[in-house]
Amino acid sequence: MVITRFAPSPTGYLHIGGARTALFNWLLARKMGGKFILRIEDTDQKRNTPTAMQQVIDDLRWLGLDWDEGPEVGGPNGPYLQSQRREIYDKYLNQLLDEGKAYYCFDTAEELAAMRQKAEREKKSFIYRRPETLPTKEDVEAAKAQGKPVTVRFAVPQDKPIVVRDIIRGEVTFAPEEIADFIICKSDGFPTYHFAVVIDDELMGVTHVMRGQEHLMNTPAHQCLQEALGFRTPEYAHMSITVSDNGGKLSKRERPNTLRKAIKAANSLDKASIAKAGNISLEELESFLKKKTTPEETSINAMADFIGIDLPEINVVDFVKSGYIPEALVNFTALLGWNPGDEREIMSLEELIEAFDEKRLNKANSFFDRNKLSSFNMEHISRMDSAKLVGHMRRFLELNNSPMLAADDALLERLIELNKGAKTLRDIESKCLLFFIEDSEIEFDEKAVKKVLLKNDNEGCKVLEMLKEELGKLEDFSAHSIETLLRSICEEKEIGLGKVAQPLRIALSGSTISPAIFDTVEILGKAKTIARIDIALAKFYN
RNA sequence: GGCCCCAUCGUCUAGUGGUUUAGGACAUCAGGUUUUCAUCCUGGAAACAGGAGUUCGAUUCUCCUUGGGGCUACCA
């Protein structure tokens with residue numbers, strides 16, 4: 001049985017790269033009728049954040065991924081939080097220590113840093129060298145008494161090259177002297193990632209490990225550990241990673257970096273108020289601008305909001321907020337570094353499962369092209385059934401605190417239906433906002449007013465006057481009869497529909513952009529339609 | 001710096017020792033449809049990083065160069 005896993009560390013929201021890793025592991029498990037495990041790698045006490053696990057879980061569920069073992073669902077191999085598995089790791093740690101395959105160390109952070117600097121000066125790579133004689137239990141007590149940190153390192157066997165067999169990359173050989181004796185137990189008693197991952201993958205029966213290419217250099221170390229512990233070695237697949245347009249991995253840095261550039265570029269902005277918007281001090285802002293520190297995610301978002309820029313989406317929630325739907329995001333990320341082998345592109349989760357083949361995973365890194373994602377989003381929106389879309393729309397509106405939340409499901413469904421060509425849910429929202437604001441809140445687009453209402457001796461205003469009259473008389477205020485009315489007016493006056501529709505649009509929305517005009521008028525209703533025509537007339541024609 | 005990975009249109013990619021005038025999608029450009037925006041339709045432009053070698057023949061195999069990326073933590 002194929003058993004895969006996704007093992008995020010709970011340090012923040014689920015990153016789009018993490019989502020892709022999770023997706024491929026999930027896809028393989030589902031394709032093979034195997035199991036998919038969610039395991040939380042929370043061994044770093046300093047980096048963990050209390051809400052992160054729930055955020056990751058929510059994002060995975062939003063994407064449509066489920067797990068057979070892990071938080072919230074349990075399973076026979078729990079607990080699924082590494083922080084709750086300390087005794088298990090200790091058992092194996094003692095085993096290695098007893099067998100002389102691991103040893104204690106007392107180096108301080110400063111000593112280690114000095115060694116590294118020395119190596120750098122000598123232009124050599126720093127590799128921790130095992131002492132001639134290994135510390136004894138007594139040495140440990142002595143070190144503790146002196147307040148020295150106690151860690152445990154794994155003694156990497158130096159006898160033979162280590163060959164990693166990778167599904168994507170074939171065999172990769174590493175010289176043993178390139179692999180340092182790495183720490184497996186930190187001075188706070190927690191295992192390091194390398195140690196915990198090896199033990200958990202064994203105990204949980206993981207057969208296939210698909211992870212980012214950044215882990216390829218870790219794998220020989222993991223294999224040595226597996227051998228020393230008498231464990232199996234799972235199948236490995238080190239996937240290509242997603243890079244961003246300014247070089248490097250697509251990472252969380254992207255958002256702060258974009259914000260920093262924007263603040264620097266717009267030197268007219270008042271830094272004090274930006275800092276205030278981000279709920280940080282001016283000093284903290286300055287330090288951020290000098291690339292010395294990075295404020296919290298919420299501060300970054302607040303400041304971006306304040307100066308009115310869109311940060312590139314990096315975390316899954318960013319995409320939710322921007323109006324992408326999970327079907328599109330999943331489809332698009334699946335096609336980054338993988339393809340079904342035919343010319344299909346738009347695929348459902350079910351189709352992806354059916355088509356998935358880990359042997360078709362690509363070696364080369366890929367660039368995350370938001371244009372193409374947009375196009376995928378439109379395709380998925382236009383072929384999705386309305387009921388499902390209403391659900392996505394609700395979640396989007398809630399996340400953005402939109403006034404459109406006032407709409408009931410039936411109205412939402414109709415508005416979505418009217419906007420089938422939209423790229424994102426945000427596009428739908430912004431086009432429909434006119435229904436959810438007060439008549440007095442309409443902001444008129446100056447250019448559009450000039451062109452459509454005032455040009456040719458107030459041509460548009462005259463049309464509005466006439467429309468006010470005719471619409472006022474209309475008994476059946478349905479899209480259909482509104483259409484009949486407007487078309488007959490056009491025919492009578494021998495003018496195009498645009499001459500009538502555009503002035504009306506401006507009166508109702510303030511701009512030349514709105515959903516189909518007949519439906520817009522119907523949905524707005526007679527009273528509001530007339531009221532808005534009055535407002536426009538009063539403003540531009542008296 | 002050291003170690004490792006990678007290299008087809010701007011982007012995601014298909015593909016193979018001769019079947020290729022290298023296929024698709026997004027973006028782009030030119031037309032067209034449409035009451036606005038968006039859609040939609042038609043058409044165009046656009047790539048095998050460079051150099052050696054192997055071979056009758058290389059985009060496909062090998063090596064080198066160049067370029068990109070990763071790792072080089074008591075982070076995962």
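Lettering follows sequence order; numbering is per chain, from 1.
- Taking the six-membered ring where tryptophan is involved, the planes of A:Phe332 and A:Phe368 are perpendicular, since the angle between them exceeds 60° and thus also 30°.
- As judged by a 4.0 angstrom heavy-atom cut-off over every strand, A:His215 is placed among the base-contacting residues.
- Geometrically, A:Arg86 engages A:Phe190 in a cation-pi contact defined by less than 6.0 Å to the ring centre and at most 45° from the axis.
- A:Asp342 comes within contact range of no nucleotide atom at all, as no heavy-atom separation falls under 4.0 Å.
- In this structure, A:Leu504 reaches neither bases nor backbone, as no heavy-atom distance under 4.0 Å exists between it and the strands shown.
- Geometric assessment of A:Arg153 against the ring of A:Tyr128 yields a positive cation-pi assignment under the 6.0 Å and 45° thresholds.
- In terms of phosphate contacts, A:Arg360 brings a side-chain nitrogen or oxygen within less than 4.0 Å of OP1 or OP2 of B:G15.
- Between the side chain of A:Asp42 and the backbone N or O of A:Thr49, no donor-acceptor pair lies under 3.5 Å.
- Between the side chain of A:Arg505 and the base of B:U35 there is at least one donor-acceptor pair of N/O atoms closer than 3.5 Å.
- For A:Lys372 against B:A25, a side-chain-to-base donor-acceptor contact under 3.5 Å is present.
- Within the 4.0 angstrom heavy-atom criterion, no nucleotide atom of any strand lies near A:Pro8.
- Contact annotation for A:Glu345: base contact, defined as any heavy-atom pair under 4.0 Å involving a base atom.
- Nucleic acid contact for A:Leu216: sugar-phosphate only, since backbone atoms but no base atoms lie under 4.0 Å from a heavy atom of the residue.
- Note on A:Ala175: nothing from the nucleic acid sits closer than 4.0 angstrom, heavy atoms only.
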